[in-house]
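First up is the structure itself, then whatever we jot down about it.
Just so it is clear: chains get the letters A, B, ... in the order the sequence lines come, proteins before strands, and each one is counted from 1.
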Amino acid sequence: MTRGAIPGAIFLLAACTSIHVGEPAKLSERDLSEVHAVLKRDFHARGIATMARIEPDSVQTACNLHHDHPPAEVARPIEEAQLKAIRFPAGELMGDWRRGQKIAESGIGMQWTDKPGSPSGGSCYNCHQLSPQEQSFGTVGPSLLAFGKARGSGAETQRYVFGKIYNAKAYNLCSQMPRMGHSGTLNEQQIKDLVAYLLDPGSPVNQ
Amino acid sequence: MDESRRKTLTRAGAASAVAAAVAAGILRPQDVLAAWNKDAFGQKTLADALKSIGAAVAADSNDIVIDAPQIAENGAVVPVEITSNVPNTKSIVVLVEKNPFPLVAKFDFLEGAVPFVKVNVKMGESSNVRVLAEAGGKYYAALKEVKVTIGGCGG
Amino acid sequence: MADPMKIRAGLKGDIADVRVLMNHPMETGQRKDGSGNLIPLHFIQEIAVKLNGKTVIDAQISQAVSRNPVFSFRVKGAKAGDKLEISWLDNRGERNSTETSLA
Amino acid sequence: MSLARWIPAAAFACACAGAAAQDAKKEIEKYQRMIADSSPVELFELEGEALWKKKQGPKHVSLEACDLGLGAGVLKGAYARLPRYFADADRVMDLETRLLHCMTTLQGHSREDATKRVFGNEDRLSEMEYLSAYIAGQSRGMPMAPGTSHPKEQAAFELGRKTFFYRAGAWDFSCASCHGEEGKRIRMQDLPVLYKPENARPVVATWPAYRVSNSQFKTMQWRLNNCFQQMRYPEPNYASDITVALTMFLTATGEGEPYRGPGTKR
């Protein structure tokens, strides 16, 4: 009797474990390897979207482990390494704001339906307000209205903007902004064009 | 309208079902009363469309009630509900002023029908929806502006 | 499977509240298919609503009525057991029709 | 897109600040109410009913003997109780996973055959989409109550919850990147914070759904598949444990909401 009752009681206890509705998950290292293993098992490569995309790198792991708020001693060295990996071109970093506008508006690219080698957009308007003329803008990121008007277009600012678009995580480790250059979404010239869209006094962003 | 267009059925899948319906006496060629107004539906401006249906002159009327959203999230489906309180309304006409072909629909209400209709229309861009009611040989008009937005990143 | 068509009708006093759903692409002639070819105009042009065999509403519509059209109408002087029939005819001469008994 | 001539990305309502934004929100809600009131989804339910009863597959039988959790062939309220644990498969399943199970076990289809065309288009829905419309429609008015008592159901919920907050992919996104903070939107589209019950409820109560923008009927498996596509991940396997786990997470979070779908969305 008693021997049979014990597993029953354990089962009941397990059955009563309440699920955690309404609470963000705080992922442990074990959770990270569990989810990673499930992703590996339950996803497949399609087109340009290869399985390499679910292999975690140091940024993702640190942010997952610290719920996007890593302590400075964790964040700093990774940010520095990300900054070092940015390939800043020599010379002028301002491209053509007109081309930049098209890149900012376009949300295509990097999906399994996209052809290999076809140029991607920057998806900027999905998350940011930029030109006052475009009413259909997202609010996941901060408004960049009059961005260059407020900051000017000096060499330092150009370098910062280029770097931020290339790899936002070099400046704020767990930023929700994709690493546009680092991930191979945008090339050097496209990022330069976006720098111009943000900083050029003639760009609609700064009107 | 020529009879041949009415009796030929081009789509294989539908053909047998319709043939059966005709055989069963459900459908008869004379079922549809008025011929489709090719001229009016083919007009590309509001003025020409109104002229084509003989409604170039129409008095504004508060007796036509248009219920439609001021903002439509997608122009592919814009619901419009219309009630005409103009006495003896014989027909209701729906136009979307800025569509490539403004005339969208004409509903004739015969003995027994209430001059009311709800229909989903396509709108190419923000525009006035113009509704006419025909009564006693005259046309009455009302307007409702609908703004069309496109939202989202396609998801 | 034949394209379905569906009438939903309810009686409020002697007024029948009618909603009809039609399966139709309502092609505008301006839409392209997967290979970039224009899909030809294909749309319902005429609709007839009949109560006990007598036409009560006769409609002409354009390609600007939304895909899979849905209409609501109201018919006076109706009673339980009355037969309501709705039919359409499109620009290719295809037709469909369905009927229901009011309850 | 091909609707471009009819629907150019022009003329946006000025949904700007303060009172104007409030009014705009109200009008958009009115639009959503009106398209739901005049939706053609019932047509898809009718086609789904015919498919449910149609003899198909190598064994030439219908799906009418399929047990969706409340007994063989019982449809009333079955969708509102999914996902749930099924002892015969020793797995937690959502509607599509269970239908796939029935297509292979009852009708004798191979998995490959049954999943050849699970996402349809505006000209022809997939069988899975028609069936989903029909079966979901049989739960209208019933509170969403997925299984949460079996250990495997709880494990599915927890896996879904962890995955929701796990960042990966080419753009470092988790589900929470877009659905984790109040008051955010992508372009003009509001982003519900889906781990919160008050936001999950209206979502789980209205999927699967008809999309008026492209005249397509979409299932929950499609919804998740398309999210991962936009997140720049590789593609999730259809009816895989991870997709079921995410649906379990969302549905259990939105538990209690009376089902009012299949929905009609912009």
Taking the six-membered ring where the residue is Trp, are the ring centres of D:Phe249 and D:Phe164 under 6.0 Å apart? yes
I'd like to know whether the aromatic ring centres of A:Tyr160 and A:Tyr171 sit less than 6.0 Å apart in this structure. yes
For A:Leu32, is it the side chain, the backbone, both, or neither that has a heavy atom closer than 4.5 Å to a heavy atom of chain D? both
What part of A:His36 lies closer than 4.5 angstrom to a heavy atom of chain D: side chain, backbone, both or neither? both
Sulfur-sulfur distance D:Cys227/D:Cys175 under 2.5 Å: no
Is the charged tip of A:Arg179 near the ring of A:Tyr166: under 6.0 Å from the six-membered ring centre and within 45° of its axis? no
So which part of A:Asp114 gets closer than 4.5 Å to some heavy atom of chain D, the side chain, the backbone, both or neither? neither
Proximity breakdown for A:Gln129 and chain D, heavy-atom pairs closer than 4.5 Å: neither
Region of D:Phe157 that comes under 4.5 Å of a non-hydrogen atom in chain A: side chain
Considering only heavy atoms, which portion of D:Glu235 lies under 4.5 Å from any heavy atom of chain A: side chain, backbone, both, or neither? both
Answer with side chain, backbone, both or neither: which region of D:Leu191 has an atom nearer than 4.5 Å to a non-hydrogen atom of chain A? side chain
Please identify, among A:Cys127, A:Pro56, A:Ala52, A:Pro178, the residue contributing the most non-hydrogen atom pairs under 4.5 Å to chain D. A:Pro178
